[in-house]
Amino acid sequence: MLKFYYSGAPNPTKVALFLEETATPYEAIPVDTRKGEQHKPEFLAINPNAKLPAIVDGEVTVFDSSAILLYLASKTGMFLPPQRSDKARGELLSWMFFVSSGVGPYFGQAVHFKNYAPEKLPYAVNRYVFEAQRHAGILDDRLATNKYMLGDTYTIVDMNVWGWARMLPMVIGEGAWDKYKNVKRLVDEINARPAAQRASTLKDRHKFKTEMDQEALHAMFPHLKEKVA
């Protein structure tokens with residue numbers, strides 16, 4: 001059975017969505033990042049980058065949420081564009097990597113500098129919130145002319161977007177949904193799917209640490225205890 005290493009963060013949740021949508025049997029293995037379990041040798045053997053999610057599928061190990069979604073979609077043949085053309089594949093890869101190289105990092109950094117950085121640096125907050133808004137705007141423009149990210153078919157790109165987009169008010173603040181109404185439409189539609197509801201509550205199966213104390217800060221942001229400059 002496929003082993004799924006997860007937490008309640010956006011990236012693992014999007015993989016949980018695919019697993020639930022496809023009714024793929026899996027063993028959910030919690031990794032509590034606020035306790036530093038992602039740095040233990042047994043998990044580093046799976047993902048040397050100490051990040052979630054990761055899967056072990058027999059002899060195959062895959063980490064990074066976009067890589068996992070592409071792997072699972074390719075393996076199952078599900079939630080891919082209906083056209084098997086170079087054009088469709090190009091769009092799929094472009095938007096998948098747009099999320100992994102842009103949406104996820106900028107959204108995550110915006111949240112970090114607004115809420116967790118020990119110093120409130122206006123430059124950093126402005127930079128990352130601006131980029132989060134810019135990326136959200138690109139998604140919103142795309143969804144203004146498409147029902148889903150790749151047209152009329154619900155695919156892994158939409159799952160990839162949903163993982164972070166549902167957090168948009170936390171990322172950029174109040175008024176997010178008024179500004180990015182097309183993104184909200186997609187998020188609301190996916191939220192209503194039974195698979196999304198199961199994916200969103202997967203974290204409730206395990207009592208993850210909720211306190212953001214010194215242990216949690218050092219576990220999640222190691223640079224705070226190991227300054228390099």
Side-chain angles (χ1 to χ4, degrees), residues 1-31 33 37-38 42-105 139 142 146-166 186-187 189-203 205-206:
M1 181 182 294
L2 182 147
K3 295 182 178 180
F4 172 44
Y5 295 83
Y6 80 101
S7 69
N11 288 325
T13 305
K14 63 179 79 162
V15 173
L17 174 59
F18 183 95
L19 294 171
E20 292 293 341
E21 289 280 19
T22 56
T24 299
Y26 66 93
E27 177 187 358
I29 303 173
V31 179
T33 56
E37 293 176 353
Q38 71 275 30
E42 54 266 36
F43 184 71
L44 291 175
I46 296 166
N47 183 1
N49 196 32
K51 303 289 184 182
L52 296 165
I55 63 169
V56 176
D57 184 22
E59 296 182 349
V60 178
T61 298
V62 189
F63 55 84
D64 186 274
S65 57
S66 289
I68 294 170
L69 289 172
L70 285 165
Y71 168 79
L72 292 173
S74 177
K75 178 179 178 178
T76 63
M78 300 178 71
F79 296 105
L80 292 167
Q83 305 86 6
R84 297 297 189 263
S85 65
D86 288 343
K87 179 178 183 297
R89 180 170 173 77
E91 285 193 337
L92 170 73
L93 292 174
S94 295
W95 287 109
M96 287 295 287
F97 283 92
F98 172 78
V99 175
S100 62
S101 68
V103 173
L139 293 174
R142 176 73 176 179
N146 293 276
K147 182 178 181 180
Y148 299 108
M149 288 298 297
L150 298 186
D152 294 327
T153 304
Y154 173 53
T155 70
I156 56 172
V157 178
D158 304 294
M159 299 179 193
N160 212 2
V161 168
W162 171 82
W164 276 104
R166 64 200 181 98
L186 178 69
V187 169
E189 179 177 331
I190 297 177
N191 280 344
R193 299 176 71 92
Q197 294 165 24
R198 292 192 296 272
S200 297
T201 58
L202 176 63
K203 65 183 186 303
R205 297 185 193 176
H206 179 77

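The shown structure was predicted, so the numbers you read here are calculated from the model rather than taken from an experiment. If you read the sequence from its start, that first residue is 1, and numbering goes on from there.
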Next on the checklist: So does Q197 get a backbone contact from the side chain of T201, meaning a donor-acceptor N/O pair under 3.5 Å?
Outcome noted: yes

Check: With side chains defined as the heavy atoms from C-beta onward, is the minimum distance between V161 and W95 less than 4.5 Å?
Finding: no

Residue pair I190, Y148: steps toward the side chain to side chain contact (heavy atoms under 4.5 Å, CB included) verdict:
CA-CA 11 Å; I190 297 177; Y148 299 108; 5.7 Å; no

Note: K203 and Y6 closest approach over all heavy atoms is CA-CE1, 4.0 Å

Minimal heavy-atom distance between P81 and L150, with the atoms involved, is CG-CD1, 3.7 Å

In terms of heavy-atom contacts, P48 and F63 come closest through CD-CE2, 3.8 Å

Value for CG (L69) from CE (M159), rounded to nearest 0.5 Å, stands at 7.5 Å

Nearest heavy-atom approach of G104 to W164 is CA-NE1, 3.5 Å

Enumerate donor-acceptor pairs with a distance under 3.5 Å from any side-chain N or O in residues 19-29 to protein atoms, sequence neighbours excluded.
{"residue": "E20", "atom": "OE1", "partner": "R198", "partner atom": "NE", "Å": "2.8"}
{"residue": "E20", "atom": "OE2", "partner": "Y26", "partner atom": "OH", "Å": "2.6"}
{"residue": "E21", "atom": "OE1", "partner": "R193", "partner atom": "NH2", "Å": "3.3"}
{"residue": "E21", "atom": "OE2", "partner": "Y154", "partner atom": "OH", "Å": "2.8"}
{"residue": "E21", "atom": "OE2", "partner": "R193", "partner atom": "NE", "Å": "2.6"}
{"residue": "T22", "atom": "OG1", "partner": "F18", "partner atom": "O", "Å": "2.8"}
{"residue": "T22", "atom": "OG1", "partner": "L19", "partner atom": "O", "Å": "3.4"}
{"residue": "T22", "atom": "OG1", "partner": "T24", "partner atom": "OG1", "Å": "2.6"}

Pair V99-K14, side chain to side chain contact (heavy atoms under 4.5 Å, CB included): steps then yes or no: CA-CA 12 Å; V99 175; K14 63 179 79 162; 4.1 Å; yes

So CG of N191 and CG of L17: to nearest 0.5 Å the spacing works out to 9.5 Å

Heavy-atom closest pair (L52 atom, V31 atom, distance to 0.1 Å) is CD1-O, 3.5 Å

Side chain to side chain contact (heavy atoms under 4.5 Å, CB included), that's the test. Do T155 and M149 meet it? Break it down for me. CA-CA 8 Å; T155 70; M149 288 298 297; 5.6 Å; no

One should read off an interatomic distance between I68 CD1 and I156 CD1, to the nearest 0.5 angstrom, of 11.5 Å

Applied to residues 42-57, the side chain to side chain donor-acceptor pair (under 3.5 Å) test, sequence neighbours excluded, yields D57-Y71, D57-K75

Would R166 and T13 count as a side chain to side chain contact (heavy atoms under 4.5 Å, CB included) here? Give the steps. CA-CA 11 Å; R166 64 200 181 98; T13 305; 3.3 Å; yes

Exercise for review: Kindly indicate whether the side chain of L72, heavy atoms from C-beta on, has any atom under 4.5 Å from the side chain of I55.
Suggested key: yes

Looking only at heavy atoms, the pair that brings P12 and F4 closest together is O-CZ, 3.3 Å

Name the atoms and distances for all side-chain donor-acceptor pairs under 3.5 Å in residues 85-93, with sequence neighbours left out.
{"residue": "S85", "atom": "OG", "partner": "A88", "partner atom": "N", "Å": "3.1"}

